[in-house]
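What follows is a short report on a single structure.
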Number of protein chains: 2
Amino acid sequence: MSLPHAILGLLNYRAMTGYDLKRDWFDRSMRFFWPADQAQIYRALERLVEHDWASFTVEAGGDRPNRKVYSLTADGRAELTHWLTTPAALPTVRDPLLVQLFCAADIADDDIARLLAATRAEHQARLDNYRRIQAQLPTLGSGKRLQLWQLVLGNGIERESSYLAWLDHALASFSGDPEPNGSRPTIALTTP
Amino acid sequence: MSLPHAILGLLNYRAMTGYDLKRDWFDRSMRFFWPADQAQIYRALERLVEHDWASFTVEAGGDRPNRKVYSLTADGRAELTHWLTTPAALPTVRDPLLVQLFCAADIADDDIARLLAATRAEHQARLDNYRRIQAQLPTLGSGKRLQLWQLVLGNGIERESSYLAWLDHALASFSGDPEPNGSRPTIALTTP
DNA sequence: AGCATATATATGTGTTATCATATATATGCA
DNA sequence: TGCATATATATGATAACACATATATATGCT
């Protein structure tokens with residue numbers, strides 16, 4: 001049930017339409033740690049209203065389509081506070097690359113190295129993107145909110161950095177070249 | 001479509017029933033990077049047969065229920081090789097804790113610290129479990145297969161270690177105590 | 001004797017997630 | 001003029017995942 005709660009959390013910042021939620025939050029930031037498309041957002045809003053966690057008022061939009069502006073009810077605010085202070089289940093890991101490696105005993109080292117290199121490029125791109133966002137974060141908020149956003153972004157940067165370090169370790173053992181030493185952080189991948 | 005391919009990869013090791021797949025692979029190792037329950041496995045096997053990537057023979061099981069023993073067809077072997085050498089889409093990140101932190105501006109630091117500490121305990125347990133498995137891995141395989149399994153497990157260990165480092169950083173900024181220095185690896189969570 | 005567990009497969013159902021399409025109007029650009 | 005894009009909501013369809021239950025038999029434990 002994280003999507004409805006995520007939306008509660010965003011509506012707590014300000015009252016919004018489904019369109020606003022998607023454009024201002026899911027397309028920009030939420031998608032990096034909880035993606036949802038338009039259809040999911042509108043259906044989640046319906047469910048929030050059913051639970052009486054949110055309500056909406058219709059604003060006739062002159063030339064534009066009518067806007068359904070959603071805001072939290074008292075129940076919704078209580079539910080949000082409860083959810084925000086209750087530990088959630090850990091995310092399940094589901095990584096196709098690990099499945100591929102697990103089953104790759106019959107694949108040539110060269111092919112494995114190519115697979116790793118291609119994956120590396122995508123993780124590097126992700127990390128670069130996170131760093132670009134990090135550079136402009138301070139212009140988008142301040143105070144505790146900024147602190148929290150930096151923390152969340154920091155998780156992504158840490159995650160991708162460590163994935164890249166692991167990929168480099170893996171690449172070193174499947175490509176002909178010996179592992180260049182000193183350039184990368186050493187990681188503990190062998191039995192202690 | 002990773003689950004059918006994962007099963008192709010396992011059937012490539014040896015011909016098996018759905019029950020074997022679950023008991024010997026999904027319950028033990030696959031679940032750490034591609035979980036699937038019994039219903040999903042049996043339905044995936046049906047799909048493999050439809051695609052003509054696998055076929056089965058029925059073994060009358062005397063006292064036990066009949067066994068449908070699945071093995072790869074030539075097409076299935078070709079499909080597996082192709083999949084194993086083709087880069088897959090990166091896993092989507094969907095982490096409830098990050099949603100909670102992103103929306104936690106109105107929550108007291110103490111409550112945030114409690115949330116982080118509870119999550120920390122679960123990630124620590126995961127890491128401990130990975131390390132236990134790592135210690136006994138060499139008894140379960142050898143050669144290239146062992147090398148690959150160590151690599152996959154190393155990914156989990158690296159992932160959880162780095163998540164813990166990030167959590168410690170986060171905890172330090174939300175609990176009263178100043179961050180004890182020197183005990184933890186420094187991570188780059190501030191703008192360069 | 002009764003109960004849990006193991007072997008083995010099958011199906012029903014609900015929830016989430018993804019993708020596509022429908023509707024209606026306004027603005028800006030080539 | 002025409003086409004893409006933005007504003008705004010709604011729904012249909014499918015795939016993937018999760019959870020529960022059904023069936024049938026054997027063994028081992030208390």
Side-chain angles (χ1 to χ4, degrees), chain A residues 1-7 15-28 30-51 54-70 88-96 99, chain B residues 1-7 15-28 30-51 54-70 88-96 99:
Chain A
M1 275 273 276
S2 283
L3 180 62
H5 287 100
I7 293 177
M16 267 179 288
T17 67
Y19 191 82
D20 294 334
L21 281 164
K22 175 172 159 47
R23 186 195 46 193
D24 297 345
W25 297 101
F26 283 89
D27 285 353
R28 291 181 203 273
M30 283 295 277
R31 72 186 172 96
F32 296 114
F33 44 92
W34 202 277
D37 74 349
Q38 180 255 39
Q40 243 183 310
I41 292 169
Y42 279 93
R43 282 173 180 138
L45 283 169
E46 287 169 13
R47 283 173 61 194
L48 290 185
V49 174
E50 280 171 32
H51 281 78
S55 60
F56 64 89
T57 54
V58 177
E59 288 183 4
D63 44 358
R64 314 216 162 278
N66 288 347
R67 291 162 54 86
K68 288 166 93 166
V69 182
Y70 291 83
L90 297 203
T92 39
V93 181
R94 217 171 236 120
D95 188 338
V99 179
Chain B
M1 277 271 275
S2 283
L3 179 62
H5 287 100
I7 292 177
M16 269 179 287
T17 67
Y19 191 82
D20 295 333
L21 281 164
K22 177 173 158 47
R23 186 195 46 194
D24 297 345
W25 297 101
F26 283 89
D27 285 354
R28 291 182 204 272
M30 283 296 278
R31 72 186 172 97
F32 296 114
F33 45 93
W34 203 278
D37 73 351
Q38 180 257 40
Q40 243 183 309
I41 292 168
Y42 278 95
R43 281 173 181 140
L45 284 170
E46 286 170 15
R47 284 173 60 194
L48 290 185
V49 173
E50 280 170 36
H51 280 79
S55 60
F56 63 88
T57 54
V58 178
E59 289 183 4
D63 45 358
R64 313 216 163 277
N66 288 347
R67 291 162 53 86
K68 289 166 94 167
V69 181
Y70 291 84
L90 298 202
T92 36
V93 181
R94 216 171 237 121
D95 187 337
V99 180

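Remember, predicted model here, so these are calculated numbers, not experimental data. Just so we're on the same page: letters track the sequence lines, and every chain starts at 1.
The side chain of A:Q38 lies closest to D:dA10, out of D:dA16, D:dG12, D:dA10. Side-chain atoms of A:Y19 lie closest to D:dA6 of the nucleotides C:dA20, D:dA6, D:dA18. Listed candidates were C:dG12, D:dT9, C:dA8. Nearest to the side chain of B:A39 is C:dG12. With distances taken from any side-chain atom of A:R47 to the nucleotides C:dT16, C:dA10, C:dT7, the minimum falls on C:dT16. The B:R94 side chain lies nearest to C:dA17 when the options are D:dC17, D:dG12, C:dA17. Checking D:dC19, D:dG12, C:dT9 against every side-chain atom of B:D37, the shortest atom distance belongs to D:dC19.
The CZ atom of A:F26 sits 12 Å away from the P atom of C:dT18 (whole-angstrom rounding). When rounded to the nearest whole Å, the span between CZ of A:F56 and P of D:dA8 equals 16 Å. One interatomic measurement links the two molecules: CG of A:N66 to P of C:dT23, which rounds to 18 Å at whole-angstrom precision. If you take CG of B:L45 and P of C:dA8, they are 14 Å apart, rounded to a whole angstrom. Atom NZ in A:K68 sits roughly 16 Å away from atom C1' in D:dT7 (whole-Å rounding). Here the P atom of nucleotide D:dA26 and the CZ atom of B:R67 are 17 Å apart, to the nearest Å. A straight line from CE of B:M16 to C1' of C:dT9 spans 17 Å, rounded to a whole angstrom. To the nearest angstrom, C1' of D:dC17 lies 16 Å from CE of B:M1.
For D:dA10, the base has no donor-acceptor partner in the side chain of A:E46 [N/O atoms by modelled type, under 3.5 angstrom]. Donor-acceptor pairing under 3.5 Å, judged by distance alone, is absent between the side chain of A:Q40 and the base of C:dT18.
Between B:D20 and B:R67, the closest side-chain pair of non-hydrogen atoms falls below 4.5 Å. For the pair B:W25/B:R28, no side-chain contact is recorded, criterion being any heavy-atom separation below 4.5 Å from C-beta on. With contacts defined as side-chain heavy-atom distances shorter than 4.5 Å, the pair B:K22/B:D27 qualifies. Residues B:F32 and A:V93 are not in side-chain contact: their nearest non-hydrogen atoms beyond the backbone lie 4.5 Å or more apart. You'll find the side chain of A:I41 stays beyond 4.5 Å of the side chain of A:Q38, heavy atoms only.
Across all strands shown, A:R23 has heavy atoms under 4.0 Å from sugar-phosphate atoms exclusively, and none from any base.
Look at A:Y42 and you'll find a side-chain N or O under 4.0 angstrom from OP1 or OP2 of D:dT9. Between C:dT7 and B:K22, no contact under 4.0 Å exists linking OP1 or OP2 to a side-chain N or O. Phosphate proximity of D:dT7 to A:T17: absent, as no side-chain N or O sits under 4.0 Å from OP1 or OP2.
Place B:R43 and B:G18 on DNA chain C by their nearest nucleotides, and B:G18 ends up nearer the 5' end. Annotation: of the two residues near DNA chain C, B:D20 and A:A36, the 5′-most nearest-nucleotide partner is B:D20.
Closest of all the heavy-atom pairs between A:P35 and B:R94 is O-NH2, 2.9 Å.
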